[in-house]
**Q** 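What follows is a single structure, and I will ask about it in a moment.
Bear in mind the structure is a predicted one, so any value in this text is a computation, not a measurement. Positions are given from 1, in the same order as the sequence printed here. Side chains included, hydrogens not; waters and symmetry mates left out as well; all remaining heavy atoms used. Every number for a ligand or one of its atoms is a count from 1 in the order of the listing.
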Amino acid sequence: MTTRGGPSMKWALRIPQPYIKRAIILALGFSLLSIWILAYYVSQTKQNPRWEPPQANCKLADSKANPFFPVRPQPMRDAAKNSRTQPAALVFVESAYSKLGQEIAALLEANRLKYKTEIVSGKSFPSLTEVGHGKYSLVIFENLNKYLLMDKWNRDILDRYCLEFNVGIISFVGKSEDNLLNKRVGDFPLFMHSNLRLKDCSLNPDCPLLYLTRAGETWRGNLPGEDWTIFQSNHTTYEPVAYAKTSSLEYVHMNENVDRSFHVTVMQDLGLYDGIQRVFFGNDLNFWLHRLLFLDSATYLSQGKLSLSLERFILVDIDDIFVGKVGTRMQTSDVKALISAQSRLGALVPGFRFNLGFSGYFYHSGDDVEDVGDDVLLANAHEFWWFPHMWAHTQPHTFTNESSLREQMILNKRFAKEHGIPTDGGYAVAPHHSGVYPVHVPLYEAWRKVWGIKVTSTEEYPHLRPPRHRRGFIYKNIMVLPRQTCGLFTHTIFIDKYPGGRSRLEESIHGGELFQTFINSRVNIFMTHLSNYGNDRLALYTFESVIKFVQCWTNLQLKTVPPLELGKKYFDLYPEEVNPVWQNPCDDKRHLAIWSKYKTCDRLPRFLVIGPQKTGTTALYAFLSMHPNILSNFPSSKTFEEVQFFNGANYYRGIDWYMEFFPTPSNSSLQYLFEKSATYFDNELVPKRAHALLPRAKIVTILINPARRAYSWYQHMRAHADAVALNHSFYQVVTATDEAPRSLRDLKNRCLSPGKYAVHLEMWLNHYPASQLLILDGDQLRTDPVSTMWKTQKFLKVKPHFDYDSHLRYDPSKGFYCQVMPSGKTKCLGRSKGRHYPPMENDTEKFLSNYYLPYNVELSKLLTRLGQQLPDWLREELRGR
Ligand SMILES: Nc1ncnc2c1ncn2[C@@H]1O[C@H](COP(=O)(O)OS(=O)(=O)O)[C@@H](OP(=O)(O)O)[C@H]1O
């Protein structure tokens with residue numbers, strides 16, 4: 001007989017009872033654990049985002065809500081008067097380090113508004129005019145008291161200037177120890193009360209200066225600080241700009257008649273009292289709204305000279321949509337949320353698209369659910385803009401050659417084509433900004449060849465911080481745009497775990513750093529990450545909120561265009577940024593981290609011989625190279641012993657190109673690399689560029705009588721068969737008038753201009769301290785090179801001290817000092833140095849003496865200021881020979 005249940009039953013029956021119990025308990029335990037793990041996992045990854053979508057509508061400005069009587073007299077404006085002022089602000093600060101002063105300067109700088117700071121002092125007062133023109137179109141006082149208590153004489157000068165040129169004044173009420181009550185502001189019909197705590201700030205919609213700032217909303221909550229000043233007046237010249245409620249009970253008690261509701265915190269003076277327009281701020285720039293009102297005041301009071309455009313461009317990059325840890329990536333619902341947020345944003349910023357970066361290698365590297373997310377994203381590829389990263393997210397600077405970089409890019413491009421990702425956007429971003437700045441040439445070449453890249457972006461030029469200094473440049477026809485951060489990084493995933501807490505993010509959005517970026521920067525390319533779009537979808541919250549906030553509080557017109565158009569727009573706005581300014585990568589840790597380990601800053605020169613031409617620079621170059629620890633550059637096939645990097649087109653080849661001209665020193669602390677390019681001296685671009693790359697370099701220059709220098713150049717041109725020099729006497733060249741043919745005027749300029757020594761030296765001294773500058777006497781170099789070389793070694797602090805006495809000898813047949821060779825013979829410079837030509841004619845010499853006299857006078861002053869002896873030729877020139 002067979003039992004029911006068959007063989008399995010039999011098998012079960014054979015298992016002892018305790019084992020069955022244990023197995024059931026284990027199975028139960030296991031399922032409970034799995035449920036718990038699943039629940040935990042789901043709670044961590046797929047909880048609904050913990051934020052409310054931002055409110056849809058902004059309140060409209062409503063004049064009827066204005067608590068002040070509709071005064072509305074016309075402000076005093078006379079644009080014609082103001083047309084004679086420069087677009088710059090004069091900022092009177094309390095000291096070089098005063099906080100508000102620095103914030104004012106930073107805000108002006110962030111908006112690329114020109115300014116000059118002056119420390120308010122007792123007697124001295126800066127000059128305000130220049131040949132009938134006003135130097136400033138706005139005056140700012142960090143502390144109102146300094147304006148009110150100014151020396152009468154200076155105050156008259158300032159007031160007269162403001163009246164004559166129709167220039168307005170912004171001033172901030174400084175902190176006060178005393179509680180001021182009904183204190184009169186100077187002689188104005190204006191009164192103030194100080195040290196109040198305020199809340200709930202609104203704007204007067206009828207105030208004429210509002211331009212960037214939009215009235216209508218109320219900023220709810222306490223205003224920062226407990227030291228607010230409020231203003232009161234019955235005079236029609238005063239128009240409230242902003243007002244708030246007081247939460248200082250003491251003040252209310254003391255002033256029973258005072259209405260507790262509205263107190264003016266920023267007051268505009270329309271100029272109806274004394275003809276000068278002003279804006280008074282009852283607190284500093286700590287309150288975010290004051291930054292906007294400050295910019296509006298600057299625009300208004302300078303009659304638009306210091307104005308901002310209302311147009312703002314925005315691009316949101318999602319850096320690498322496939323690179324992210326399992327559990328932090330996007331799932332299907334996140335992709336859908338991204339698409340719907342994009343369409344909501346499109347209603348606020350017409351045409352808005354998220355810009356998605358990709359490294360194909362990481363596609364499908366999540367869990368099953370996330371991999372489906374990747375597929376949904378690709379199925380909706382047409383909804384977005386796309387740009388390539390590197391195939392496997394490798395940093396480009398780690399590739400030594402272009403071909404391996406190209407191979408990686410080709411893999412990514414193949415991936416894009418296979419998955420329907422557009423490949424013609426012309427925009428790319430490098431992982432960690434690597435290779436973009438400092439420039440890694442193979443990256444630019446490979447980008448161009450594989451992807452046809454025309455535009456990229458980085459946070460690193462010129463430095464990461466401060467962001468307001470970030471700029472663009474163009475290298476190898478690729479536009480590099482500055483990029484902004486929005487405060488979200490790979491690790492900022494959940495709102496509750498936001499660094500500094502949720503309130504920090506809210507603060508940044510609602511008037512803080514992120515909001516201010518929209519105000520200050522006309523082109524905003526924001527960097528975000530994949531993880532900011534899964535999980536709590538913080539990026540969606542951040543951008544929807546900030547854009548909403550921008551629209552509620554400002555009149556900015558937010559726009560978006562694809563990256564290539566954005567690049568063109570950027571350089572249309574800022575054409576002066578086209579050319580890069582290279583810096584030393586070793587001076588910035590972040591730059592060093594993304595610079596090839598095969599490159600070294602030891603291959604940059606420690607000193608430069610800058611010229612000018614024809615003063616003996618080749619002799620100095622040759623003599624310096626004799627020193628065992630001084631290494632010169634390798635010769636150039638085009639410009640021979642000179643590299644001519646900083647002054648011409650070579651500069652755009654970049655620092656890799658420059659460094660190729662130098663050997664790698666075997667002992668970088670002992671050995672000194674240098675180069676001489678005599679063309680550097682009088683080119684105004686060079687000191688700035690040289691200082692950016694070589695801030696600690698020493699600078700050596702040689703001067704001879706400028707008239708002799710000019711004549712030597714003329715002879716040089718004749719020796720090079722220059723037709724103009726051959727067809728004109730030296731006198732004809734130097735006396736050529738403005739009507740002379742262009743070629744003759746050019747030659748005249750090349751003869752005369754470098755000899756205006758003081759002008760060019762001042763340019764160098766604007767960038768380098770005097771202690772880094774050595775001015776040699778070219779006559780002494782010619783007649784007594786040993787002393788000159790002794791002086792030069794001492795200045796450079798190069799060791800050992802080289803004994804030039806036994807290595808240089810006067811060569812009678814050359815007529816100059818030459819190098820003594822081991823054989824005992826002399827080696828002189830070539831025939832082109834120390835040419836034979838007739839002496840200068842007396843008439844020409846006289847003409848040039850007169851011509852150079854004012855420049856020589858300036859030179860003597862400059863040398864005296866630097867504590868240097870005047871060379872003999874200069875003394876003679878000043879004595880009038
Ligand atoms: N030791 C020695 N040997 C040869 N020449 C010497 C020497 N010392 C100074 N000089 C003077 O140098 C003048 C050429 O100056 P530069 O070398 O600066 O010229 S260049 O700008 O590089 O072309 C050159 O100008 P010219 O005399 O007009 O040829 C010389 O006067």
Side-chain angles (χ1 to χ4, degrees), residues 608-626 632-633 635-636 638-644 646-648 674-683 686 699-722 725 730 733-734 747 750-755 757 760 774-792 804-805 807-821 825-841 844-845 848 871-873:
L608 301 174
V609 177
I610 58 168
Q613 287 167 310
K614 310 316 290 179
T615 56
T617 57
T618 317
L620 182 66
Y621 176 83
F623 299 164
L624 284 164
S625 307
M626 290 161 61
S632 68
N633 56 285
S636 147
K638 295 212 171 87
T639 46
F640 313 106
E641 85 275 4
E642 301 197 347
V643 185
Q644 298 189 2
F646 293 106
N647 57 305
F674 87 105
E675 65 127 335
K676 89 97 179 166
S677 297
T679 43
Y680 289 166
F681 179 78
D682 55 316
N683 185 313
V686 176
I699 306 297
V700 181
T701 177
I702 315 171
L703 306 183
I704 59 171
N705 188 322
R708 261 192 51 223
R709 198 216 71 83
Y711 190 45
S712 173
W713 180 255
Y714 167 77
Q715 293 298 344
H716 171 98
M717 293 307 280
R718 282 175 71 91
H720 282 82
D722 177 76
F730 185 47
V733 173
V734 295
L747 179 62
R750 284 306 313 148
C751 284
L752 297 183
S753 172
Y757 296 145
H760 306 303
L774 176 67
I775 303 172
L776 293 174
D777 176 3
D779 288 344
Q780 194 190 38
L781 175 70
R782 187 157 44 83
T783 56
D784 182 9
V786 175
S787 316
T788 304
M789 295 315 290
W790 183 85
K791 190 174 170 188
T792 309
Y804 280 95
D805 207 7
H807 291 90
L808 293 177
R809 191 194 312 142
Y810 183 76
D811 184 314
S813 62
K814 175 76 181 170
F816 286 93
Y817 274 82
C818 301
Q819 185 180 348
V820 180
M821 301 307 284
K825 288 189 178 159
T826 51
K827 184 181 161 202
C828 299
L829 297 185
R831 264 187 301 158
S832 63
K833 311 292 160 180
R835 290 193 174 97
H836 296 285
Y837 43 80
M840 204 188 314
E841 284 171 1
T844 324
E845 210 167 339
L848 287 177
D872 290 346
W873 65 262

**Q** Quick check: does any side chain N or O of R709 sit under 3.5 Å from a backbone N or O of C751, one acting as donor and the other as acceptor?
**A**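 Indeed, once roles are kept as given, a pair shorter than 3.5 Å links the two residues.
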**Q** Just which atoms of ligand 1 are under 4.0 Å from any heavy atom in Y837?
**A**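 Those qualifying, in numeric order: 26 (P), 27 (O), 28 (O).
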**Q** Mind checking whether L608 and V700 have side chains closer than 4.5 Å, heavy atoms only?
**A**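 No, side chains not in contact.
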**Q** What atoms of ligand 1 come closer than 4.0 angstrom to any heavy atom of T618?
**A**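 The atoms of ligand 1 under 4.0 Å from a heavy atom of T618 are 16 (P), 17 (O), 18 (O), 22 (O).
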**Q** For ligand 1, is any non-hydrogen atom under 4.0 Å from L829's backbone (N, CA, C, O), its side chain (CB onward), both, or neither?
**A**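 Just the side chain.
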**Q** Looking at atom 25 (O) of ligand 1, what's its closest protein heavy atom, distance included?
**A**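 Here the nearest protein heavy atom works out to S712 OG, 3.6 Å.
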**Q** Does a side-chain heavy-atom distance below 4.5 Å link L624 with F674?
**A**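 Yes. Closest side-chain heavy atoms under 4.5 Å.
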**Q** With a 4.5 Å cut-off on side-chain heavy atoms, are I702 and L781 touching?
**A**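 Side chain of L781 against side chain of I702, heavy atoms only: contact under 4.5 Å found.
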**Q** Which ligand 1 atoms, with their elements, are less than 4.0 angstrom from a heavy-atom of K676?
**A**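 Selected atoms, number and element: 22 (O).
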**Q** Does the side chain of C818 come within less than 4.5 Å of F623's, by heavy atoms?
**A**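 Not touching, per the 4.5 Å side-chain cut-off.
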**Q** Students should be able to answer this: which protein heavy-atom is nearest to atom 24 (C) of ligand 1, and at what distance?
**A**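 Heavy-atom neighbour on the protein nearest atom 24 (C) of ligand 1: G834 N, 3.6 Å.
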**Q** For ligand 1, is there an atom lying under 4.0 Å from some heavy atom of Q715?
**A**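 Under 4.0 Å: no for Q715.
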**Q** Atom 19 (O) of ligand 1: which of E641, K614, R709 has the nearest heavy atom?
**A**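 Among E641, K614, R709, the closest heavy atom to atom 19 (O) of ligand 1 comes from K614.
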**Q** Taking side chain as C-beta onward, heavy atoms only, is D722 less than 4.5 Å from L747?
**A**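 Yes; the side chains approach each other to less than 4.5 Å.
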**Q** When you compare ligand 1 with L781, is there at least one nitrogen or oxygen pair between them that comes in under 3.5 angstrom?
**A**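 Min N/O separation from ligand 1 is not below 3.5 Å for L781.
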**Q** So, applying side-chain contact (heavy atoms from CB on, under 4.5 Å) with I610, which one of N647, T701, V686 is it?
**A**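 Result for side-chain contact (heavy atoms from CB on, under 4.5 Å) with I610: T701.
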**Q** Thinking salt bridges, do K827 and D811 make one under a 4.0 Å N-O criterion?
**A**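 Not counted as a salt bridge, because no side-chain N and carboxylate O are separated by less than 4.0 Å.
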**Q** Test side chain to side chain contact (heavy atoms under 4.5 Å, CB included) on Y680 and E675 and set out the steps.
**A** CA-CA 11 Å; Y680 289 166; E675 65 127 335; 2.6 Å; yes
**Q** With salt bridge (Lys or Arg N to Asp or Glu O under 4.0 Å) as the test, would you mind laying out the steps for K791 and D784 before giving the verdict?
**A** CA-CA 11 Å; K791 190 174 170 188; D784 182 9; over 6 Å; no
**Q** Report yes if H716 has an N/O atom closer than 3.5 Å to an N/O atom of ligand 1; otherwise report no.
**A**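 No; every N/O pair is 3.5 Å or more apart.
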**Q** Could you tell me whether some N/O pair between R708 and ligand 1 is separated by less than 3.5 angstrom?
**A**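 N/O-N/O distance under 3.5 Å: no.
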**Q** Among protein heavy atoms, which lies nearest atom 15 (O) of ligand 1, and at what distance?
**A**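 Here the closest protein heavy atom is G616 N, 3.1 Å.
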**Q** At a 4.0 Å cut-off, with the gap strictly under it, does some heavy atom of T615 reach an atom of ligand 1?
**A**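 The answer is yes, since T615 has a heavy atom less than 4.0 Å from ligand 1.
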**Q** Which is closest to atom 23 (O) of ligand 1 in terms of heavy atoms, K833, R831, Q613?
**A**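 Among K833, R831, Q613, the closest heavy atom to atom 23 (O) of ligand 1 belongs to K833.
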**Q** Looking at atom 18 (O) of ligand 1, what's its closest protein heavy atom, distance included?
**A**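 Of every protein heavy atom, T617 OG1, 2.6 Å lies nearest to atom 18 (O) of ligand 1.
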**Q** Could you list which atoms of ligand 1 come closer than 4.0 Å to a heavy atom of A619?
**A**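 Per the distance check, 1 (N), 2 (C), 7 (C), 8 (N).
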**Q** Any non-hydrogen side-chain atom of S677 less than 4.5 Å from a side-chain atom of F646?
**A**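 The answer is no, as the side chains (C-beta and beyond) never meet within the 4.5 Å cut-off.
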**Q** Determine, considering heavy atoms only, which of F640, F816, Y817 sits nearest to atom 7 (C) of ligand 1.
**A**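 Looking at heavy atoms only, the winner is F816.
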